[in-house]
Amino acid sequence: MELDGRKRIILKTIIQNYLETGEPVGSRTISKCSDLKLSSATIRNEMSDLEEMGYILQPHTSSGRIPSDKGYRLYVDELIKEKDQEVADMKEMMIQKTDRLEHMLKQVVKVLASNTNYATMITGPTYHQNRLKFIQLSKVSEQQLLAVIVTEGNLMKNQFIALEEPIDDERLLKLNLLLNTQLNGLTIGEINLDMIRTMKQQAGIHSSVVGSVVDAVAEAIQPDEEDRPVFTSGATNIFKYPELADSATASELINALEEKKELVEILKESGLDSEENPGTGIQVYIGNESPIQTLKDCSVVTASYDLGDGLKGTIGILGPKRMDYENVVDNLKTLKVQLDKVFGKSKDENGGNVSVTIDAILPSDSESEE
């Protein structure tokens with residue numbers, strides 16, 4: 001007997017409900033939980049066929065059904081095949097999306113440097129309050145697993161996990177089911193010790209794998225400020241201001257803009273609204289107020305931008321203490337509002353694809369230099 005599309009939907013519904021409740025699943029539950037517009041009698045007939053084929057079991061007379069090992073096997077094989085394809089599609093999509101986003105951010109800092117005559121910087125966005133989408137464990141060797149962790153925004157992280165005990169394919173499939181059933185859709189704050197303890201108990205001798213996966217999930221979900229790309233432009237504008245143009249000061253500033261590691265320190269502190277400008281996300285650091293000693297002779301003005309769904313980044317402008325603060329703040333406010341607006345619209349219309357142009361964000365009357 002062939003396992004057609006309707007039987008596959010019913011089997012999947014039985015397995016998913018049983019994973020959630022631990023109770024046998026009846027025809028009425030299937031009718032409510034699936035999109036099948038079938039009578040209870042028709043569903044019972046399909047369940048009888050599935051039972052005859054060995055995919056489900058009836059533990060007690062007049063009760064619902066539960067999955068058999070054969071049913072679990074089909075479900076997990078198809079799930080992993082589906083997730084493998086999703087991962088491949090996501091990788092291709094994210095490469096294209098990242099390339100377009102980085103090109104746009106590089107253009108933004110060039111135009112901003114041209115409009116203000118100062119040095120400018122912008123971070124690539126990271127996710128805050130991110131949620132886990134799914135986990136896939138694969139065996140690399142007898143001593144090692146590969147965990148592919150996918151979070152909101154289809155961001156992926158790969159983590160190798162050492163095995164203390166050998167693991168067979170059946171146990172690996174059950175671990176995949178356990179982790180995805182318990183963790184999918186959660187933020188790191190929602191993963192508590194009781195949940196971890198329960199999963200470790202269910203994992204038995206492979207409880208250490210659960211601990212390693214939870215650690216990897218926490219790392220993947222938490223925003224990694226250190227790895228954020230920082231794009232800069234207008235470094236040569238520093239030489240337009242005598243107080244910054246002497247060889248020692250200029251060299252330090254140029255190195256800071258080129259190395260970029262120090263810039264992350266000041267940019268990652270700039271994501272919150274300031275007391276002076278509530279609701280704008282704009283911060284002003286004058287001289288020694290800067291957390292970076294290299295910038296003690298400068299002023300730095302930053303603004304956070306929000307692309308929605310917790311995806312945030314920071315824009316910064318660096319210049320002398322006598323900078324034109326009004327012009328700088330106006331430019332940052334304009335850019336912040338336009339980034340929020342244009343990216344929000346772009347995501348709504350294009351399902352998350354970045355396809356906006358720099359002209360739609362911050363027009364400039366002149367070409368900027370590298």
What distance do [X] atom [atom1] and [Y] atom [atom2] have between them, rounded to the nearest 0.5 Å?
| X | Y | atom1 | atom2 | answer |
| --- | --- | --- | --- | --- |
| Q182 | L132 | CD | CG | 12.0 Å |
| L19 | I66 | CG | CD1 | 11.5 Å |
| L172 | L145 | CG | CG | 6.0 Å |
| K321 | C298 | NZ | SG | 8.5 Å |
| L163 | Q143 | CG | CD | 8.0 Å |
| N288 | D297 | CG | CG | 8.5 Å |

Is the shortest distance from a Lys or Arg side-chain nitrogen in [X] or [Y] to a carboxylate oxygen in the other one below 4.0 Å?
| X | Y | answer |
| --- | --- | --- |
| K12 | E78 | no |
| D194 | R197 | yes |
| R322 | E243 | yes |
| R73 | D77 | yes |

> For N17, what residues pass the side-chain contact (heavy atoms from CB on, under 4.5 Å) criterion, not counting sequence neighbours?
Replying inline: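 So N17 forms a side-chain contact (heavy atoms from CB on, under 4.5 Å) with T13, V25, T29, C33.
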How close do [X] and [Y] get, counting heavy atoms only, and between which atoms?
| X | Y | result |
| --- | --- | --- |
| S27 | R44 | OG-NH1, 3.6 Å |
| P320 | S299 | O-CB, 3.8 Å |
| L175 | A203 | CD2-CB, 3.8 Å |
| T123 | L105 | O-CD1, 4.1 Å |
| L178 | M199 | CD2-O, 3.5 Å |
| N176 | L137 | OD1-N, 2.8 Å |

> When you look at I282 and K333, which way does the side chain to side chain contact (heavy atoms under 4.5 Å, CB included) test go after all the steps?
Replying inline: CA-CA 8 Å; I282 291 178; K333 283 184 177 178; 3.5 Å; yes
For residues [X] and [Y], determine if any side-chain heavy atom of one lies less than 4.5 Å from a side-chain heavy atom of the other.
| X | Y | value |
| --- | --- | --- |
| Q144 | I161 | no |
| S48 | R65 | yes |
| V301 | L318 | no |
| Y118 | D324 | yes |
| Y72 | I15 | yes |
| T120 | T232 | no |
| V76 | K174 | no |
| M121 | I315 | no |

Side chains of [X] and [Y], donor plus acceptor under 3.5 Å:
| X | Y | answer |
| --- | --- | --- |
| T302 | Y285 | no |
| N117 | K240 | yes |
| D215 | S212 | no |

>> Could you check, using the six-membered ring where one of them is a Trp, whether Y75 and Y55 have ring centers closer than 6.0 angstrom?
In response: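 No, ring centres 6.0 Å or more apart.
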Do [X] and [Y] belong to the same hydrophobic cluster, where Ile, Leu, Val, Met, Phe, Trp and Tyr are linked whenever their side-chain heavy atoms lie under 4.5 Å apart, directly or via other members?
| X | Y | answer |
| --- | --- | --- |
| V328 | I286 | yes |
| I167 | I205 | no |
| L3 | I56 | yes |

> Can you check side chain to side chain contact (heavy atoms under 4.5 Å, CB included) on Q159 and V148, steps first, answer last?
Replying inline: CA-CA 7 Å; Q159 179 74 43; V148 178; over 6 Å; no
>> Tell me which one of E46, E52, E51 satisfies salt bridge (Lys or Arg N to Asp or Glu O under 4.0 Å) with K7.
In response: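 It is E46; the other options fail the test.
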> Under the side chain to side chain contact (heavy atoms under 4.5 Å, CB included) criterion, do I14 and I30 qualify, and how do the steps go?
Replying inline: CA-CA 7 Å; I14 291 172; I30 295 172; 3.6 Å; yes
> Near E164 CD, under 6.0 Å, is it more than 12 heavy atoms from other residues, nucleotides or ligands?
Replying inline: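 No, the 6.0 Å shell around CD holds no more than 12 heavy atoms from other groups.
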> Just wondering, are more than 12 heavy atoms of other shown residues or ligands nearer than 6.0 Å to CG in D330?
Replying inline: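 Counting neighbours around CG of D330, more than 12 heavy atoms of other residues, nucleotides or ligands fall under 6.0 Å, so yes.
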> Mind checking what makes side-chain hydrogen bond (donor to acceptor under 3.5 Å, both in side chains) contact with N45, not counting sequence neighbours?
Replying inline: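 Residues passing side-chain hydrogen bond (donor to acceptor under 3.5 Å, both in side chains) with N45: none at all.
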>> Assess the residue pair N327 and T116 against the criterion (side chain to side chain contact (heavy atoms under 4.5 Å, CB included)); give the C-alpha distance rounded to whole Å, side-chain angles, the decisive distance to 0.1 Å, and a yes or no.
In response: CA-CA 7 Å; N327 180 48; T116 61; 4.3 Å; yes
